[in-house]
Amino acid sequence: MIDQDVARLWAEHHEAFGRWVDKTAKGVGDTFRALHRIQYASPWETMARGRARH
């Protein structure tokens with residue numbers, strides 16, 4: 001009985017779950033790219049603009 005319910009739920013929702021995983025993975029990737037830009041920003045570029053690196 002439980003296996004049938006789980007199989008039905010997976011069949012109905014696996015595409016939505018896949019979209020959620022894709023969206024989440026892209027968000028994590030975007031976050032790491034932003035952190036990389038901040039971490040390795042050229043200090044002479046931010047000093048010329050008069051603001052802090054972070």
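Only heavy atoms go into these numbers, but all of them, side chains included; no hydrogens, no water, no symmetry mates. Values in this document were obtained by computation on a predicted structure and should not be read as measured data.
Within the structure, every pair that satisfies the salt bridge (Lys or Arg N to Asp or Glu O under 4.0 Å) test and touches residues 27-36, not counting sequence neighbours, is listed here: D30-R33.
Placement of V6 and F17 in two distinct hydrophobic clusters is found when ILVMFWY residues are connected by side-chain heavy-atom separations under 4.5 Å, directly or transitively.
In terms of modelled atom types and a separation under 3.5 Å, the side chain of H36 and the main chain of F32 share no donor-acceptor contact.
Under the side chain to side chain donor-acceptor pair (under 3.5 Å) criterion, R19 pairs with no residue at all, not counting sequence neighbours.
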Inset, instruction - Begin from the C-alpha positions of Q39 and L35 and carry the test side chain to side chain contact (heavy atoms under 4.5 Å, CB included) through to its verdict. - result: CA-CA 6 Å; Q39 182 69 28; L35 290 173; 6.0 Å; no
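Counting non-hydrogen atoms of neighbouring residues, nucleotides and ligands closer than 6.0 angstrom, the CD atom of E15 reaches no more than 12 such neighbours.
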